[in-house]
Amino acid sequence: MPELPEVEVLRRSLEPRLVGDEVRRVEVRSPALREPLDPEGLDRHLTGRRIERLDRRAKYLLVEMAGGSTLVVHLGMSGQLTLVPPDVPPARHEHLALHLAGGSRLRLHDPRRFGNAFALATRDLAADRHFAHLGIEPLSDELSGSFLQQAARGRRGPVKAFLMDARVVVGVGNIYACEALFRAGVHPTRSVARISRERWDRLAEAVAAVLGDAIEEGGTTLNDFRNGMGESGYFQVSLAVYGREGEPCPRCGEAVRRRVQSNRSTYYCFRCQR
DNA sequence: CGTAGACCCTGCGCGC
DNA sequence: TGCGCGCAGGGTCTAC
C-alpha cells in the first residue's frame with residue numbers, strides 16, 4: 001500500500017481529524033519493528049502534547065506536535081495508520097497506539113514489520129540520520145530533466161534503479177518507477193549513461209505525472225478511511241503495466257513483460273519502451 | 001567510491 | 001481441502 005501517493009493521501013485524510021487533538025497516552029504494544037520502538041522516547045515527546053499539523057517527507061508521515069517535537073511514521077510494505085474509536089479491540093499486528101484526548105485511537109498496524117516509528121525532539125529533520133541523505137521531493141519544482149541529467153552524471157547502472165534511488169529523488173517506489181518508465185517510453189534496463197536530455201525531460205514529467213495522478217485517484221482511500229472500510233481498489237485500475245504481465249500494453253497491444261531487477265519485479269512493454 | 005544482491009517479516013494466492 | 005511455493009508496494013547492510 002504505501003507508496004508516496006498513499007502516504008500523501010493518508011496525510012490529507014488524517015490532518016483535519018488529528019489537528020487540535022492531544023495525545024493522552026502512548027501505548028507500545030509490541031516494539032519489534034525494523035528498528036525497535038522506543039517507548040520512553042515516544043512518551044517523552046508525545047504525551048500531553050497537542051497535534052499542530054501533519055507533514056510528509058519522502059514516504060515518512062510527520063505528526064508535528066505543539067512544542068516542536070515530531071512523531072515520524074514509516075509504513076514500510078504493509079503498514080497501516082488508522083484512526084479508530086476507542087472500543088475497537090487491538091488488531092493482531094497493532095504495534096503502536098496513540099490514545100487521544102478526543103477519545104479516538106491512532107494505531108499503527110504492520111504485519112510484515114518493515115515499518116518504523118519514532119519521535120524527534122525538534123522539526124529539524126536534516127539532522128536525523130533517517131533524513132540526512134534524502135534527495136529532492138518529486139512533486140516539487142526541483143524535479144526537472146536537467147536535474148536528473150546532472151544527478152546521473154558519472155553514474156552507471158539501469159535507469160530504473162536510478163529513479164528509485166532516494167539519494168537522488170525520494171518517493172519513487174517499484175510501482176511508480178515502472179509506470180513512469182512506461183509513460184516516458186524508456187526501457188527499464190537502459191543505462192543512465194545513455195539517456196538523452198529530451199528523455200530526461202520526459203522522465204521528470206512522467207514521474208511527477210504518475211505520482212500526481214495517483215494522489216488524485218487516492219481520494220477514494222480517503223473515503224474508505226472515513227467510512228472505516230477496507231483499502232481495496234486503490235489505484236489498481238489506473239496502472240498501465242505494473243502487475244499486468246501478459247496483458248496487452250495499453251498503447252500498442254504487445255504483451256506486457258516482467259523481469260527481475262535488483263530482486264524486484266519490473267513490468268514494461270518491450271515495444272514501447274526503448 | 002558505486003553498484004548488486006541478500007535480507008528483514010508475515011500473509012496471500014496459486015498450483016498441485 | 002490442505003500444503004508448499006513464490007511473491008508482495010519498503011529500506012538497509014554487506015560484499016565486491
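A, B, ... follow the sequence lines: proteins, then strands. Residue 1 opens every chain.
- Residues satisfying the side-chain hydrogen bond (donor to acceptor under 3.5 Å, both in side chains) criterion with A:Arg199, sequence neighbours excluded, are absent altogether.
- Nearest nucleotide to the A:Met77 side chain, out of C:dG10, B:dG11, C:dT12: C:dG10.
- Rounding to whole angstrom units, CD of residue A:Glu8 and C1' of C:dG9 are separated by 17 Å.
- Residue A:Phe162 contributes atom CZ, which lies 14 Å from atom C1' of B:dT3 at whole-angstrom precision.
- Atom CZ in A:Arg57 sits about 12 Å away from atom P in C:dG11, given to the nearest Å.
- Regarding contacts with the backbone of B:dA6, a side-chain N or O of A:Asn263 is found under 4.0 angstrom from either OP1 or OP2.
- Atom pair A:His95:NE2 and C:dG10:P shows a separation of 18 Å (rounding to whole Å applied).
- Here C:dG11 presents its C1' atom at 13 Å from CG of A:Leu33, a figure rounded to the nearest Å.
- For the pair A:Arg202 and A:Glu205, the minimum side-chain heavy-atom distance is 4.5 Å or more.
- Across C:dT14 and B:dC9, the matching P atoms stand 16 Å from one another, rounded to whole Å.
- Residues A:Asn116 and A:His130 meet the side-chain proximity criterion, which asks for heavy atoms closer than 4.5 Å.
- No hydrogens or angles considered: nothing links the side chains of A:Thr189 and A:Lys160 as a donor-acceptor pair under 3.5 Å.
- Of all the residues in residues 118-132 of chain A, not one reaches under 4.0 Å from DNA chain C with any non-hydrogen atom.
- Separating the CD atom of A:Glu245 from the P atom of C:dC7 is a distance of 10 Å, rounded to the nearest angstrom.
- Taking the six-membered ring where tryptophan is involved, the planes of A:Tyr60 and A:Phe118 are perpendicular, since the angle between them exceeds 60° and thus also 30°.
- Counting heavy atoms from C-beta outward, A:Ile175 and A:Tyr267 have side chains that stay 4.5 Å or more apart.
- A residue-by-residue look at A:Asp165 and A:Arg264 shows that A:Asp165 has its nearest nucleotide of DNA chain B further toward the 5' end.
- One C1' atom belongs to B:dT3, the other to C:dG9, and the distance between them is 23 Å to the nearest Å.
- Judged by the 6.0 Å and 45° rule, A:Arg251 forms a cation-pi pair with A:Phe182.
- In this structure, C:dT1 makes no Watson-Crick or G-U wobble pair, since no nucleotide meets both defining distances under 3.5 angstrom.
- Salt-bridge annotation for A:Arg123 and A:Glu52: present, with a side-chain N of the basic residue lying under 4.0 Å from a carboxylate O of the acidic one.
- The stretch residues 107-116 of chain A comes close to DNA chain C through A:Arg112, A:Phe114, each having a heavy atom under 4.0 Å from the strand.
- For the pair A:Tyr267 and C:dA8, the criterion of a side-chain N or O lying under 4.0 Å from OP1 or OP2 is met.
- When the P atom is compared between B:dA6 and C:dG6, the two are found 14 Å apart, to the nearest whole Å.
- Applying the Watson-Crick and G-U wobble criteria (two distances, each under 3.5 Å), C:dC16 pairs with B:dG2.
- A:Phe270 carries A:Arg274 over the face of its six-membered ring, with the cationic atom under 6.0 Å from the centre and within 45° of the normal.
- Atom P of nucleotide B:dA4 and atom CZ of A:Arg156 are separated by 7 Å, given to the nearest angstrom.
- Side-chain contact check for A:Leu148 versus A:Val207: every heavy-atom pair is 4.5 Å or farther apart.
- Contact between the side-chain N/O atoms of A:Arg34 and the OP1/OP2 oxygens of C:dG10 is not found at any separation under 4.0 Å.
- Remark on DNA chain B: of its neighbouring residues A:Pro158 and A:His93, the 5'-side contact belongs to A:Pro158, judged by nearest-heavy-atom nucleotide.
- Side-chain contact between A:Arg49 and A:Ser69: present, with at least one pair of heavy atoms (C-beta onward) separated by less than 4.5 Å.
- Figure legend. C:dG9 is base-paired to no nucleotide; pairs are counted as Watson-Crick or G-U wobble with both atom distances under 3.5 Å.
- Checking the phosphate oxygens (OP1, OP2) of C:dA8, a side-chain nitrogen or oxygen of A:Ser265 falls inside 4.0 Å.
- Rounded to whole Å, atom P of C:dG11 lies 8 Å from atom NE2 of A:His133.
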